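Structure first, then comments.
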There are 2 protein chains.
Amino acid sequence: MSSASRGDLTTRARIRDGAVECFAREGFSVSVRTIAEHAGISPGLVIHHFGSKARLREECDTHVRGVITEVKTQTFEGASGTFMLQQMAEIEHYAPVLGYVLRSLQSGGALAAEFFELMVEDVERFMAVGVEAGTVAPSRDPAARARYLTSSSLGSLMLHTTLHHPGTEPDFGRVMQEWIEAYMLPALESYTEPVLIDRTLLDTYIAHADGGADAEGSAGADAD
Amino acid sequence: MSSASRGDLTTRARIRDGAVECFAREGFSVSVRTIAEHAGISPGLVIHHFGSKARLREECDTHVRGVITEVKTQTFEGASGTFMLQQMAEIEHYAPVLGYVLRSLQSGGALAAEFFELMVEDVERFMAVGVEAGTVAPSRDPAARARYLTSSSLGSLMLHTTLHHPGTEPDFGRVMQEWIEAYMLPALESYTEPVLIDRTLLDTYIAHADGGADAEGSAGADAD
DNA sequence: CGTGATGCTGAACTCATGTTCAATACATTA
DNA sequence: TAATGTATTGAACATGAGTTCAGCATCACG
């Protein structure tokens, strides 16, 4: 917050911040009038400053993008993505940004894809550290595993949000809390003690994939 | 016309089926005019038959609900939910229904919650069979594990859909194919060979949960 | 044949939305 | 002080949405 100078806290920025909040709370179909009312101004002024609702949306995207990278650099570099999410949810100030990202993830779009890739990178790095330390098992395809883990947890969080808090603004801190409470134990259990005792499925798939699939897998990491 | 000329294949049903298709392809914000055009009729007739767009939507929900239960009873009872999804995606005829369910899952609502619960039940039963057969490890909380597995895979599928096929109609067969190709290996690997070698996380969480699970969950906000 | 009921249309109505625009208030400066 | 440019408003416009309605067509039934 302190990094953004007071020169940025102009009306434009106030509208932008309010818009991020509205988008997070009511989704991207929120009306310009609602955004204007939330900022205590007239609808016309929103257009006067941003040209159109679409451009306002773009500006919100870039602003959220900036906040994310800022938080990422502030946070200890080795922290996992989910930890980052948790931390952000706990700090009330970041709730609109987190909500905005969640909405983006639901709607698709450039920001969503970027955010996903960012998290994948984080997870992959985090897992690599774990492998190095001996606490995490190496994978046949670390990149694919990172994507899988990211997609699973993020998708599960999204699903939990839409199913249990439809429509209006969800308290994302509470959503995260509920989500953790519901899934932390089975997740840890599944990741610690193998769910599948029988190796047949895995071996069969590997054999099948070796036969007629791409040989793109970077098997260079840890051939154990 | 084919079989049910007087039975179900009336104009009402034709509109309903077309609406399911439109909802699946363009989302629930698709216009009544589009639905009417898709059925080759006038917009007014849609309202004449269903009263309002909301009631048409409800009727689509119940119809999809019916198709799902029908497929579920037809399919071998022990089949897993994901297998059911795969099977449905492969049969072109069910593509609109699957798309409709996906859209519901993205938007939230009653049908989405019901469908999720249905899949959870299936997964739990399927896992129980596996445990009985000795191919699946037992869980401390089978119900929670079933919810977790369902939420992860379904959420991941949703996320993959929104990220890689935004907006217009995705070919759900292809989406499933891509999704399987991207995540099957790491998923099987993670479920067969434990990701976490170190048991500390699991044991710590269990101890922590046993101690103060009922008291507001994690107290991480204050003590860090 | 006539009568009514139902299926169906096309235009019009209502409403919310994004956007435009002329007019006004304000602030800065010559 | 006068001027000029920016911030801001309130009303109006255009559009697309869901819905209504009066009327035409079609068909069963007496």
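Since the model is a prediction, treat every value here as computed from it, not as a measurement. Excluded from the calculations below are hydrogen atoms, water molecules and symmetry mates; all remaining heavy atoms, backbone and side chain alike, are included.
Within the nucleic acid shown, B:Val46 has no heavy atom closer than 4.0 Å to any nucleic acid atom. If you check every strand for non-hydrogen atoms under 4.0 Å, A:Ser42 touches a base.
A:Ser152 places no side-chain N or O within 3.5 Å of a backbone atom of A:Leu149 that could act as its donor or acceptor partner. No donor-acceptor pair under 3.5 Å is formed between the side chain of A:Ser151 and the backbone N or O of A:Arg147.
Taking atom CZ of residue B:Phe28 and atom P of nucleotide D:dG18, one finds them 14 Å apart after rounding to whole Å. Distance A:Phe50 CZ to D:dT8 P: 11 Å, rounded to the nearest Å. With rounding to whole Å, A:Leu56 atom CG is found 10 Å from C:dG18 atom P. Protein atom CD1 of B:Ile41 is 12 Å distant from nucleotide atom P of C:dG7, rounded to whole Å. Here the C1' atom of nucleotide C:dA16 and the NZ atom of A:Lys53 are 11 Å apart, to the nearest Å. Counting to the nearest Å, the C1' atom of D:dT8 and the CZ atom of A:Arg14 are 12 Å from each other. Remark: C1' of C:dT17 and CD of A:Glu26 are 14 Å apart, rounded to the nearest angstrom. The CD-P distance, from A:Glu37 to C:dT17, rounds to 11 Å in whole Å.
Between A:Thr11 and D:dT8 there is a side-chain polar atom (N or O) within less than 4.0 angstrom of OP1 or OP2. Residue A:His49 has a polar side-chain atom (N or O) positioned under 4.0 Å from OP1 or OP2 of D:dT8.
In this structure, A:Asp141 does not pair ionically with A:Arg145, as no charged nitrogen and carboxylate oxygen lie closer than 4.0 Å. Between B:Glu178 and B:Arg174 there is a salt bridge, since a side-chain N of the basic residue sits under 4.0 Å from a carboxylate O of the acidic one.
Listed nucleotides C:dT19, D:dT19, D:dT9 differ in distance to B:Val32; the shortest reach to its side chain belongs to D:dT19. Proximity note for B:Leu45 (side chain, C-beta onward) versus C:dT9, C:dG18, D:dA7: the nearest is C:dT9. In the set D:dT19, C:dG7, D:dA7, the nucleotide with an atom closest to the side chain of B:His48 is C:dG7.
Scanning atom types as modelled, one donor and one acceptor separated by under 3.5 angstrom connect the side chain of B:Arg33 and the base of D:dG18.
To the nearest 0.5 Å, the span separating NZ on B:Lys53 from CZ on B:Phe28 amounts to 10.0 Å.
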